[in-house]
Every structure is written in structure tokens, then in C-alpha cells.
Number of protein chains: 2
Amino acid sequence: MLRLSTKGQYGVRAMFEIARGISRGPTTIKEISERQDVSVAYLEQILNTLRKAGLISSVRGPGGGYVLSRSPEKISIGAILRELEGPVAITSCLDPREGCLRVDGCVTHLLWKALGENIESFLDDMTLKDLLEGNDLMATQRRGRRQPEKIRMLHKS
Amino acid sequence: MLRLSTKGQYGVRAMFEIARGISRGPTTIKEISERQDVSVAYLEQILNTLRKAGLISSVRGPGGGYVLSRSPEKISIGAILRELEGPVAITSCLDPREGCLRVDGCVTHLLWKALGENIESFLDDMTLKDLLEGNDLMATQRRGRRQPEKIRMLHKS
DNA sequence: TAATAGCCGAGTAATTCTGTCAAGTATTAG
DNA sequence: CTAATACTTGACAGAATTACTCGGCTATTA
């Protein structure tokens with residue numbers, strides 16, 4: 001229940017790769033493809049959407065690739081997913097692009113709305129920076145470093 | 001993004017109708033169909049699943065219908081949805097019925113897991129009783145009654 | 001000017017969703 | 001006992017969505 005499409009998942013993983021490569025300059029589709037095991041053709045489609053949305057920008061020609069349009073802590077997971085999969089909308093009723101006929105007097109409507117807001121605030125609060133820190137942590141956790149705030153939650157299990 | 005299937009939605013609405021009809025005895029599929037505007041044939045499928053799961057029980061023959069197997073506050077929305085749509089699993093990786101190859105060292109895995117747990121606790125905490133109270137509230141809210149706890153959240157907008 | 005790298009639109013196979021349909025079985029009122 | 005009521009079950013099918021692929025193009029730079 002409530003599954004995310006591969007497009008959204010791959011999109012987040014691609015953005016993570018671009019963020020991770022910041023110091024090395026633009027990251028190519030080919031690199032992302034190899035590191036995240038997603039086809040080049042599919043990534044083209046995904047990254048194109050994200051570029052048009054202004055989350056990343058591209059550099060063409062040799063030495064080119066993709067770079068983040070702003071710093072990792074300013075790019076939320078929610079922002080990425082919204083571009084690739086549309087707004088959080090548990091039911092079609094709650095999709096601003098569709099609309100609902102029987103809103104009034106519908107308890108379940110309120111229920112789904114509250115759930116949607118819950119999810120959205122989770123996703124909007126989590127950023128690429130958090131993913132980067134979570135990744136650092138996983139790589140070094142045996143050495144007992146200080147754990148970044150939000151990532152601790154990600155590690156309770 | 002993250003849409004619930006109609007099966008799950010109708011299932012919750014059907015359970016709400018059965019809960020609402022408690023004082024009148026068994027609720028028939030036909031009644032649910034009329035009140036919630038869902039076809040009888042589709043409801044048969046849905047209610048059958050819920051019956052096999054032990055959430056409702058059926059009474060056959062004239063005067064029959066469906067009744068809750070336990071009291072409304074003991075039936076969570078999460079329990080209903082899990083029967084109709086399987087466990088919360090943002091990605092196939094997190095579906096216990098499937099499994100994941102690349103769990104280790106995958107930050108996004110932790111992210112989706114945390115989101116899933118968040119959603120699940122929301123759904124497991126919300127029960128049919130809350131829906132009933134929310135409904136009462138909507139019917140009488142102009143008269144300034146005391147608002148049940150959880151429903152207040154459902155009314156912040 | 002050739003190689004690199006992104007840009008773009010169309011198309012398609014597979015899967016999932018959203019139901020319908022037909023033919024039962026159990027129960028009870030009369 | 002029988003007719004009407006209601007739930008039970010399995011199969012199936014059309015529509016929509018997903019998850020991609022493919023072919024050809026444009027921009028940049030070494």
C-alpha cells in the first residue's frame with residue numbers, strides 16, 4: 001500500500017549522486033547510471049524533468065553533466081518527488097488537479113487530508129543534506145563519531 | 001504521489017457504514033452501496049476480504065448483513081487497509097513479501113523505512129471510533145459541543 | 001571537426017487497477 | 001417446504017498506469 005513509483009525513487013537516488021559529487025564538478029548520467037544501477041535512457045527522462053523544474057542544471061559537451069541548482073540543505077525530498085510524481089494526494093479527491101464533489105460531510109476526506117499533510121511535512125523536512133550525512137554516518141559509524149540530528153531517527157533500527 | 005487504491009478507500013467507507021449501523025443490527029451490502037455510492041459487486045469482493053481477515057462477520061439470509069467483529073475503537077484504519085492493500089511499503093524493497101538485495105549501505109532505504117513507519121503509526125492510531133466521533137462532530141458542530149481529542153486534528157482546516 | 005554529453009518526443013510491453021458477471025450456498029419468513 | 005433474501009466465490013476483462021526503450025537531435029569543447 002502507498003507505494004512510490006520507481007521514477008520517484010530513482011529521482012531521489014540520482015539527486016543524491018549529484019549532491020555527493022559536488023566537489024568533483026558535474027556528474028554525468030553515465031556515472032549515475034553505473035552507481036545507482038538505472039538505465040541511462042530512463043535517467044535522461046527523469047533528470048530532464050528535474051532540470052525543467054529548476055532543481056538541477058546541466059552542462060553540455062565534454063566534461064559536462066549535472067549540478068545542483070542550490071545547496072543540498074535547500075533541496076527537500078518532497079520537492080524532488082513532487083516534480084516527478086505530482087503532489088501528495090492519498091485520494092483523487094485531494095489532488096488539486098482533480099477535485100472532489102462530495103467534500104462536505106465526508107469524514108474520510110478529513111482523514112486522508114491529515115495523513116497527506118503528515119507525509120508532506122516529513123518529506124519537506126528531509127533534505128539531500130540529511131541523506132549525505134546519513135551516508136557519511138553509515139560509512140564511519142564504527143568509529144563512534146557524533147551523529148547528525150535527523151539521521152539518528154533514520155538509525156533507530 | 002502515494003495514492004491509495006479505491007479498494008482501500010471503499011473498504012474504510014464500508015467499515016464506517018457498518019460501524020455507524022451498529023444499533024440497527026447487521027448492515028446489508030445494498031445499504032452500504034447506496035449510502036457510499038459503490039457498486040454491490042465490488043463491495044462483495046471487498047467485504048469478503050475483510051470478513052476472511054476477521055474484521056467483520058456476516059449473517060446470511062433475510063435480515064442478514066455485516067457486523068463488526070469487535071468494537072469500533074479496536075478496529076484501526078491501518079488494519080483495514082493492510083487487509084485490502086497489503087502492508088505499507090513505500091518501495092518494493094520494504095515489502096516483507098518481496099525483499100531487497102542492496103539493503104546495506106543504502107541511505108534511501110532508511111528514509112523510506114522511516115516514512116513508512118510514520119504512516120503506519122498514524123493509520124494504526126486512527127480507529128473507526130474516531131471516524132464516528134468525527135462524523136458526529138460534523139453533524140453537530142454548530143452547537144458548540146466538546147470536540148473529541150483526535151478529531152480536532154482532523155478539523156484544523 | 002570529431003568526440004562528448006545532454007535534449008526531446010514517440011512508442012510499447014507489462015502490470016495493476018477497477019471493476020463486472022454468473023453461478024453458487026445459507027438462512028429465514030410464511 | 002419453498003420462495004425470497006443475502007452473502008460467497010472464482011473468473012475474467014477493459015482501462016489506466018508504469019516502466020521503460022529507441023532514434024535522432026543539439027550544444028560544447030579539445
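Note that the structure is predicted; figures quoted are calculated from it, not measured. In the text below, chain A, chain B and the rest are named by the order of the sequence lines, each starting its count at 1. Computed from heavy atoms alone, side chains included, the values below leave out hydrogens, waters and symmetry copies.
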Worksheet item: Rounding to a whole Å, what distance do you find between B:L43:CG and C:dT18:C1'?
Response: 13 Å
Discussion item. In whole Å, I'd like the distance from the CD1 atom of A:I29 to the P atom of C:dC8.
Written reply: 12 Å
Practice prompt. Would you please test A:L47 and A:I18 for side-chain contact (heavy atoms from CB on, under 4.5 Å) and show each step?
Written response: CA-CA 11 Å; A:L47 294 177; A:I18 298 170; 4.2 Å; yes
Worksheet item: Got a second to check how far B:F16's CZ is from B:I32's CD1, nearest 0.5 Å?
Response: 11.5 Å
Discussion item. So, does A:N48 get its side chain near the phosphate of C:dG6, meaning an N or O under 4.0 Å from OP1 or OP2?
Written reply: no
Discussion item. Check whether B:E83 reaches the backbone of B:T49 with its side chain - one donor and one acceptor, N or O, closer than 3.5 Å.
Written reply: no
Discussion item. If we ignore hydrogens and angles and just use 3.5 Å, is the side chain of B:S33 paired with the main-chain N or O of B:V38 as donor and acceptor?
Written reply: yes
Item to complete: Provide, to the nearest angstrom, the distance between the CG atom belonging to A:L47 and the P atom belonging to C:dG6.
Response: 9 Å
Practice prompt. Round to a whole Å and report the spacing from CG of B:L50 to P of D:dT8.
Written response: 12 Å
Item to complete: Please check if any side-chain donor atom of B:D124 sits under 3.5 Å from a side-chain acceptor atom of B:S121, or the reverse.
Response: no
Item to complete: Round to a whole Å and report the spacing from OH of B:Y66 to P of C:dA26.
Response: 15 Å
Tabulate protein N/O versus nucleotide N/O from nucleotides 19-23 of chain D, keeping only pairs under 3.5 Å, one per line.
unit_1, atom_1, unit_2, atom_2, d
D:dA19, OP2, A:T6, N, 2.9
D:dA19, OP2, A:T6, OG1, 3.2
D:dA19, O5', A:T6, OG1, 3.4
D:dC20, OP2, A:Y10, OH, 3.2
D:dC20, N4, A:Q45, NE2, 3.0
D:dT21, OP2, A:S39, OG, 2.5
D:dT21, O4, A:Q45, NE2, 3.0

Practice prompt. Tell me which residues in residues 52-64 of chain B put a heavy atom below 4.0 Å from DNA chain D, sorted by number, or none.
Written response: B:K52, B:S58, B:V59, B:R60, B:G61, B:P62, B:G63
Item to complete: Could you walk me through whether B:H109 and B:T91 pass side-chain contact (heavy atoms from CB on, under 4.5 Å), step by step?
Response: CA-CA 8 Å; B:H109 188 93; B:T91 66; 5.5 Å; no
Item to complete: Could you state the atom-to-atom distance from CD1 of B:I32 to C1' of D:dA6 in whole Å?
Response: 12 Å
Worksheet item: Looking at B:K30 and B:E34, does any basic side-chain N land under 4.0 Å from a carboxylate oxygen?
Response: yes
Practice prompt. Is it possible for you to say whether A:L55 and A:V67 belong to one hydrophobic cluster, with membership spreading through side-chain heavy-atom contacts below 4.5 Å?
Written response: no
Practice prompt. Give the rounded distance in Å between these two atoms: CG of B:L2 and P of C:dT16.
Written response: 17 Å
Worksheet item: Is A:E120 salt-bridged to A:R82, going by a charged N under 4.0 Å from an acidic O?
Response: yes
Worksheet item: Just to confirm, is there a sub-4.0 Å distance from OP1 or OP2 of C:dT15 to any side-chain nitrogen or oxygen of A:R3?
Response: no
Discussion item. In whole Å, I'd like the distance from the CZ atom of B:R51 to the C1' atom of D:dT8.
Written reply: 7 Å
